[in-house]
K.L.:
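One structure is given below, represented as structure tokens, and several questions about it will come after.
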Amino acid sequence: MIYILAIFLPLCGSIIAGLFGRWLKDKGAQIVTCAAMLLSAVFSLFILNEVSLKHEPQTIQLFSWFVSGAFDVNWALRFDTLTAVMLVVVTVVSCAVHFYSIGYMHHDPSVPRFFSYLSLFTFFMLMLVTSNNFLQLFFGWEGVGLASYLLIGFWYKKPSANAAAIKAFLVNRVGDFGFALGILGVFLLYGSVDFDTVFKATPGKAAATMEFLGGQFHALTVLCLLLFIGAMGKSAQLGLHTWLPDAMEGPTPVSALIHAATMVTAGVFMVARLSPMFEFAPFALNVVCVVGASTAFFAATVGLCQNDIKRVIAYSTCSQLGYMFFACGVSAYAAGIFHLFTHAFFKALLFLGAGSVIHAMSSEQDMRKMGGIWRLIPLTYTMMWIGSLALAGLPFFAGFYSKDMVLESAFAANSGVGTYAFWMGMAAAIMTAFYSWRLLFMTFHGVPRADEKTMAHVHESPKVMTVPLVVLALGAIFSGYIGYDLFVGNSMQLFWGQAIFVLPTNTAIIDAHHVSLWVKVAPVIVGIVGIALAYYMYIIRTDLPAKVATRFGKLYLFLYNKWYFDELYDRLFVRPAKFIGEGLWKEGDGTMIDGLGPDGIAAVIRNLAGRVSRVQSGYVYHYAFAMLIGVAGLVTLYLYTHG
């Protein structure tokens with residue numbers, strides 16, 4: 001019963017707050033949803049203990065879902081170590097976000113609706129991570145897409161929020177189209193969409209081929225690449241990443257929930273869950289590695305030049321997701337999930353810390369208009385330091401253990417793509433440290449750049465917002481140390497059991513423990529260098545950033561404008577689609593269909609009726625004349641026919 005309650009309590013809270021929020025009011029909706037999330041988080045910790053430490057994976061059959069010929073799908077909840085870890089990540093972070101939102105959304109007129117959406121989002125994510133088959137996975141996958149659309153566009157009266165929600169929804173549909181094709185291909189190849197059935201049959205399908213796009217290709221490579229396209233959209237990898245920064249238009253707690261622990265990590269979870277398939281598709285794994293490494297580098301370069309405090313953290317998320325993917329790409333799935341686990345705590349801490357800053361600065365998000373506030377909000381300042389230290393991977397914070405293991409695994413893979421990932425990861429590491437402390441120094445230090453009215457308002461957030469920050473800070477400090485041995489250390493095999501499959505020949509994560517000392521030390525050194533450089537440029541030589549931006553103007557604009565991906569997509573896809581749409585609307589629908597169809601017929605009848613109506617003049621002599629013409633016509637016709 002605890003297993004089921006952990007999953008369905010958030011749904012119950014969402015339904016109650018959504019349907020009865022008018023009567024429950026703000027406080028009632030908050031109590032219902034927060035209590036449900038707190039219980040779900042407690043139950044998830046219990047499940048992790050039961051499943052992983054006692055090595056008792058479970059599958060709970062709920063009911064038969066679809067039965068149509070050979071297509072037989074049951075609705076079942078799968079609880080193994082991978083699921084249990086994701087449950088803890090999702091519920092704990094979501095619980096912190098729920099309580100934080102009580103303070104952050106205090107003045108919003110639609111509090112019950114907001115909390116209903118939060119809990120609904122969490123439920124769909126829980127459905128995703130407990131799925132026992134591809135169809136159930138797709139249900140949760142699309143559910144978080146729907147909920148993210150609702151949350152990003154929560155302030156629907158803002159045009160920018162509506163545009164961001166639509167953009168996120170459409171970009172994810174591109175990835176989800178590939179994901180859906182992959183699921184259809186799985187059923188075509190295996191005759192089933194059940195995970196256990198597919199995984200058991202995969203070794204026998206290792207050499208199978210299938211026809212795709214007019215050619216014959218390795219079946220598992222095609223399927224894994226299609227499924228990975230879905231992961232690219234959901235986890236904002238290079239090419240399908242453009243929705244991520246715009247999603248900052250939603251309330252800050254939404255940013256923390258979507259971009260720290262839930263939706264964006266779904267792709268990483270999916271690749272790890274499908275490790276029994278990816279292991280037999282080495283080319284697909286190489287693609288995962290290259291895309292992840294490229295994303296880590298790309299997003300870090302963009303983060304260097306952003307001025308919106310939430311966008312800097314958003315691009316940081318995009319970059320860190322790249323680390324997780326290239327770890328999976330070298331078969332170090334455990335390292336990727338370990339980084340997912342630690343990253344959830346310190347990234348949620350950074351997002352909520354940024355929300356606390358925005359709350360204190362009267363909704364100001366531009367770091368160029370901040371500065372000199374660290375003494376006014378010392379607790380938030382301390383929390384941001386902890387989150388930044390963990391993100392930069394400095395000893396002995398959570399990121400130090402997980403990110404270093406990812407880099408060491410990439411190096412230990414001893415392959416071309418592994419080496420590429422290692423050096424891209426190293427470059428991203430120094431940039432991550434730089435932009436993290438650039439954020440800290442611009443936001444909290446230096447001369448106050450806000451107006452006097454804003455500065456007079458600056459104050460520490462209430463306890464309902466700061467206590468969740470402290471909870472997440474504990475995770476940002478200790479989760480790496482606590483989880484290291486279980487996730488990637490000596491107890492790794494026992495901990496993961498059958499939840500993650502790795503071929504005996506893929507030993508990157510094992511060899512990572514024996515790499516050269518310089519490989520272990522280098523990430524820390526580049527992190528310190530990045531911090532020192534940020535200190536020099538934003539504390540000592542505050543004139544230097546403007547000079548560098550002027551000296552390298554084109555490069556600065558290239559990075560500031562996010563490599564012009566939005567402009568490129570606008571020209572390649574948006575404008576042609578708009579042109580075609582307007583043409584079909586005005587010429588196709590308006591001129592041809594309406595013009596020749598209902599509008600045209602109506603116009604002809606109206607024209608004829610108008611002409612006929614002119615005959616009805618109302619004058620007797622007109623009617624007498626018409627009658628005379630008629631009689632003359634009839635006489636003429638008679639004489640012509642009988643003459």
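Bear in mind the structure is a predicted one, so any value in this text is a computation, not a measurement.
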K.L.:
Less than 6.0 Å separating the ring centroids of F552 and Y556?
P.N.:
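Distance test on ring centres: not under 6.0 Å, no.
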K.L.:
Of the non-hydrogen atoms in I258 and S148, which two are nearest, and what is the gap between them?
P.N.:
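Minimum heavy-atom contact is CD1-CB, 3.9 Å.
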K.L.:
To the nearest 0.5 Å, what is the distance between CD1 on I183 and CG on L226?
P.N.:
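Answer rounded to 0.5 Å: 10.5 Å.
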K.L.:
Give the ring-plane orientation class for H241 versus F565, where under 30° counts as parallel, over 60° as perpendicular and anything between as tilted.
P.N.:
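Because their plane-to-plane angle is over 60°, the rings of H241 and F565 count as perpendicular.
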K.L.:
Compare every heavy atom of S461 with every heavy atom of S356, then report the nearest pair and how far apart it is.
P.N.:
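That closest heavy-atom pairing would be OG-OG, 2.6 Å.
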K.L.:
Check whether any side-chain N or O of N561 sits under 3.5 Å from a backbone N or O of Y564 as a donor-acceptor pair, and report yes or no.
P.N.:
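No, N561 side chain to Y564 backbone: no donor-acceptor pair under 3.5 Å.
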K.L.:
Would you please indicate if the ring centroids of Y333 and F338 are separated by under 6.0 Å?
P.N.:
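No.
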K.L.:
Looking at Y538 versus F441, is the centre-to-centre ring distance below 6.0 Å?
P.N.:
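No, the ring of Y538 stays outside the 6.0 Å limit from the ring of F441, centre to centre.
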K.L.:
Regarding S119 and H98, is there a side-chain donor-to-acceptor distance under 3.5 Å anywhere?
P.N.:
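Side-chain D/A pair, S119 to H98: present.
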K.L.:
Any donor-acceptor pair under 3.5 Å linking the side chain of S402 with the backbone of T342?
P.N.:
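No, S402 side chain to T342 backbone: no donor-acceptor pair under 3.5 Å.
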K.L.:
With a 6.0 Å cut-off on ring centres, are F326 and F422 close enough?
P.N.:
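So the answer is no for these two rings.
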K.L.:
Just checking, is any N or O donor in the side chain of T242 or K167 under 3.5 Å from an acceptor N or O on the other one?
P.N.:
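Their side chains do not contain a donor-acceptor pair, so the 3.5 Å distance test is not met.
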K.L.:
Classify the angle between the aromatic ring planes of H339 and H343 as parallel (below 30°), tilted (30 to 60°) or perpendicular (above 60°).
P.N.:
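The rings of H339 and H343 sit tilted, inter-plane angle from 30° to 60°.
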K.L.:
Say you draw a straight line from CG of L440 to CD1 of I309; how long is it, rounded to the nearest 0.5 Å?
P.N.:
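Reported to 0.5 Å precision, the distance equals 8.5 Å.
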K.L.:
Please name the pair of heavy atoms, one in A476 and one in F345, separated by the smallest distance, quoted to 0.1 Å.
P.N.:
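Heavy atoms only, the tightest pair is N-CB, 3.8 Å.
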K.L.:
Between D366 and R368, does any side-chain N to carboxylate O distance fall below 4.0 Å?
P.N.:
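The answer is yes: the pair qualifies as a salt bridge.
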K.L.:
Could you check whether S131 and R273, counting side-chain N and O atoms only, form a donor-acceptor pair closer than 3.5 Å?
P.N.:
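Judged by distance alone, the side chains do not pair up.
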K.L.:
If you round to the nearest 0.5 Å, how far is OG1 of T295 from CZ of F298?
P.N.:
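If I round to the nearest 0.5 Å, the distance is 8.0 Å.
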K.L.:
Have W155 and N162 got a donor and an acceptor in their side chains that come within less than 3.5 Å?
P.N.:
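There is no such pair (donor and acceptor under 3.5 Å, judged by atom type) between the side chains of W155 and N162.
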K.L.:
Is the centre of the F397 ring less than 6.0 Å from the centre of the F346 ring?
P.N.:
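For F397 and F346, the ring centres are not under 6.0 Å apart.
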K.L.:
So, are R449 and E364 salt-bridged, with charged N and O less than 4.0 Å apart?
P.N.:
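No, R449 and E364 are not salt-bridged.
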K.L.:
When rounded to the nearest 0.5 angstrom, what is the spacing between OH in Y315 and CZ in R311?
P.N.:
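Taking OH in Y315 and CZ in R311, the distance rounds to 6.5 Å.
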K.L.:
Quick one: is the NZ or CZ of K403 closer than 6.0 Å to the six-membered ring centre of Y323, and within 45° of its axis?
P.N.:
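Ring-cation test returns yes.
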K.L.:
So which heavy atom on G303 is nearest to which on Y435, and how close?
P.N.:
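Nearest heavy atoms, G303 then Y435: O-CB, 3.6 Å.
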K.L.:
Ring centres of F228 and F325 under 6.0 Å apart?
P.N.:
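Between F228 and F325, the centre distance is under 6.0 Å.
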K.L.:
Does atom NZ of K578 have more than 12 heavy-atom neighbours, drawn from other residues, nucleotides or ligands, at distances under 6.0 Å?
P.N.:
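Open: at most 12 neighbouring heavy atoms sit under 6.0 Å from NZ of K578.
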K.L.:
Do F138 and V193 come close enough that some side-chain heavy atom pair is under 4.5 Å?
P.N.:
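Sidechains of V193 and F138: no contact.
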K.L.:
Tell me whether the NZ or CZ atom of R438 lies within the 45° cone about the ring axis of F434 and under 6.0 Å from its centre.
P.N.:
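Checked: cation-pi criterion not met.
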K.L.:
Starting at CG of L391, measure out to CH2 of W437 and round the result to the nearest 0.5 Å.
P.N.:
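Going from CG on L391 over to CH2 on W437, the span is 7.5 Å.
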K.L.:
Output the distance between atom CE (M270) and atom CZ (F179), rounded to the nearest 0.5 Å.
P.N.:
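So the CE of M270 and the CZ of F179 are separated by 5.0 Å.
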